[in-house]
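Notes follow once the structure below has been shown.
One is the number of the first residue; the rest follow in order along the sequence.
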Amino acid sequence: MKNIRKTIELSLAVLLVLFYSSCTSELEKLNEDKKHATTAGAETFFANATKNFSDNLNSIQYRATGPGITRLWAQQLTSVTYLEGVTYIPEASWNTLYQGVLNNFKESTKILMETEDITPEIKNKLAMIEIMEVLTYTNLVESYGNIPYTEALDFENPLPKYDDAQTVYLDLLKRLNTALSDLDESAGGFGSSDLIYGGDVGKWIKFGNSLKLRMGMRIIDALPQEGATAVSEASGKVISSNDENALFRYLPDYPNTNPWWSFLVRQGLRYFVGTETFIGKMNELDDPRREVFFTPINGEFVGAKYGGR
């Protein structure tokens with residue numbers, strides 16, 4: 001009897017342990033977030049970085065690397081609600097370009113480099129990322145001069161050094177040359193995750209050379225030899241038609257709509273108006289684009305004083 005009782009007690013104990021382990025396992029599954037991804041492919045990071053870069057360029061915010069501020073400086077538009085943009089730059093684009101763009105491109109590269117076999121297609125993807133990184137860094141260095149570069153994007157280094165602008169620019173040209181030489185039109189790319197060219201490698205080659213031409217022209221006065229070399233090497237290989245333009249096409253549904261539309265139309269904000277400088281010149285030329293850009297007042301196109309309310 002004692003042996004039977006011990007056997008029963010042992011069996012019950014085993015069953016209780018198994019039952020507890022099973023319950024614990026099931027309870028832990030309740031903490032799993034099935035709606036948010038915990039891993040992502042290189043394509044996802046590339047597409048996200050591309051969109052973030054486009055959002056920054058097309059943002060209405062007063063950032064030095066976006067057209068919101070440049071349209072004000074060119075006195076095409078003026079703010080009638082907040083005057084920060086017509087007097088100084090309250091935003092520097094650091095978070096957007098380093099965290100939301102460059103860091104995503106870095107992660108995309110990291111994932112691709114973990115592949116055992118670097119195929120021509122992966123090589124194309126790496127080259128496309130490199131071209132976009134060069135484009136992003138040129139926006140930063142052209143806007144601010146010395147920037148974090150060699151020590152940038154290191155999570156363990158919260159205070160990276162600022163590198164000399166000229167040194168950064170020349171290194172970017174070298175990186176761009178390498179990326180262009182790695183592109184192979186016979187292989188594929190990011191496909192549908194390429195939100196600019198849809199995986200068309202030939203257009204990426206023209207885009208990269210167009211960027212090279214622009215960079216060469218921007219340094220040719222300060223560095224004649226380097227600038228002339230870049231311009232000469234890119235000539236004849238650049239974008240030659242509107243069909244080849246590097247365009248980011250937004251979707252008609254929010255939140256993937258154009259930031260200008262979201263700000264001015266969806267939110268119905270009327271912070272900006274045309275300036276008397278710009279509209280006055282258009283009136284003088286009887287420019288037919290006035291009715292597309294602006295709304296007439298009593299049948300006339302009238303601009304506001306720049307920097308005034």
Verify side chain to side chain donor-acceptor pair (under 3.5 Å) between Tyr169 and Glu226, making sure each step is shown before the conclusion.
CA-CA 11 Å; Tyr169 215 83; Glu226 291 83 352; over 6 Å; no
[X] side chain near [Y] side chain, heavy-atom distance below 4.5 Å:
X      : Y      : result
Val231 : Met217 : yes
Phe105 : Thr50  : yes
Leu223 : Gln166 : yes
Met215 : Leu172 : yes
Leu180 : Asn209 : yes
Gln76  : Phe293 : no
Val302 : Ile279 : no
Asn56  : Val101 : no

Quick one: do the [X] and [Y] side chains pair a donor with an acceptor below 3.5 Å?
X      : Y      : result
Thr257 : Ser262 : yes
Thr229 : Gln225 : no
Ser241 : Asp243 : no

Less than 6.0 Å separating the ring centroids of Trp94 and Tyr144?
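They qualify: ring centres under 6.0 Å apart.
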Backbone N/O of [Y] and side chain of [X]: donor-acceptor pair under 3.5 Å:
X      : Y      : answer
Tyr98  : Pro148 : yes
Tyr306 : Thr277 : no
Glu151 : Lys161 : yes
Thr115 : Ile118 : no
Asp287 : Arg289 : yes
Asn48  : Thr44  : no
Asn124 : Gly188 : yes
Asp182 : Lys123 : no
Ser210 : Ile239 : yes
Asn256 : Tyr250 : no

Test log, rule salt bridge (charged side-chain N to carboxylate O under 4.0 Å, His left out), inputs Glu133 and Lys106:
CA-CA 9 Å; Glu133 285 190 351; Lys106 179 182 177 182; over 6 Å; no
Has [X] got more than 12 heavy atoms of other residues, nucleotides or ligands less than 6.0 Å from its [atom1]?
X      : atom1 : result
Gln99  : CD    : no
Lys51  : NZ    : yes
Asp154 : CG    : yes
Glu300 : CD    : no

Lys206, Lys237, Lys203 screened by salt bridge (Lys or Arg N to Asp or Glu O under 4.0 Å) with Glu244, the one that passes:
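By the salt bridge (Lys or Arg N to Asp or Glu O under 4.0 Å) criterion, Glu244 pairs with just one of Lys206, Lys237, Lys203: Lys206.
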Can you name the one residue among Asp171, Thr167, Asp163 that meets side chain to side chain donor-acceptor pair (under 3.5 Å) with Tyr149?
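With Tyr149 as partner, Asp171, Thr167, Asp163 yield a single side chain to side chain donor-acceptor pair (under 3.5 Å), made by Asp171.
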For a side chain to side chain donor-acceptor pair (under 3.5 Å) check, start with the C-alpha distance between Asp117 and Thr119, then their side-chain angles and the critical distance, and finish with the verdict.
CA-CA 6 Å; Asp117 183 19; Thr119 63; 5.9 Å; no
Phe190, Ile111: one ILVMFWY side-chain cluster at the under-4.5 Å cut-off?
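No; tracing contacts between hydrophobic side chains, which count when under 4.5 Å, never links both residues.
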Asn139 and Phe53: side chain to side chain contact (heavy atoms under 4.5 Å, CB included), yes or no, with the steps?
CA-CA 10 Å; Asn139 271 264; Phe53 180 80; 3.7 Å; yes
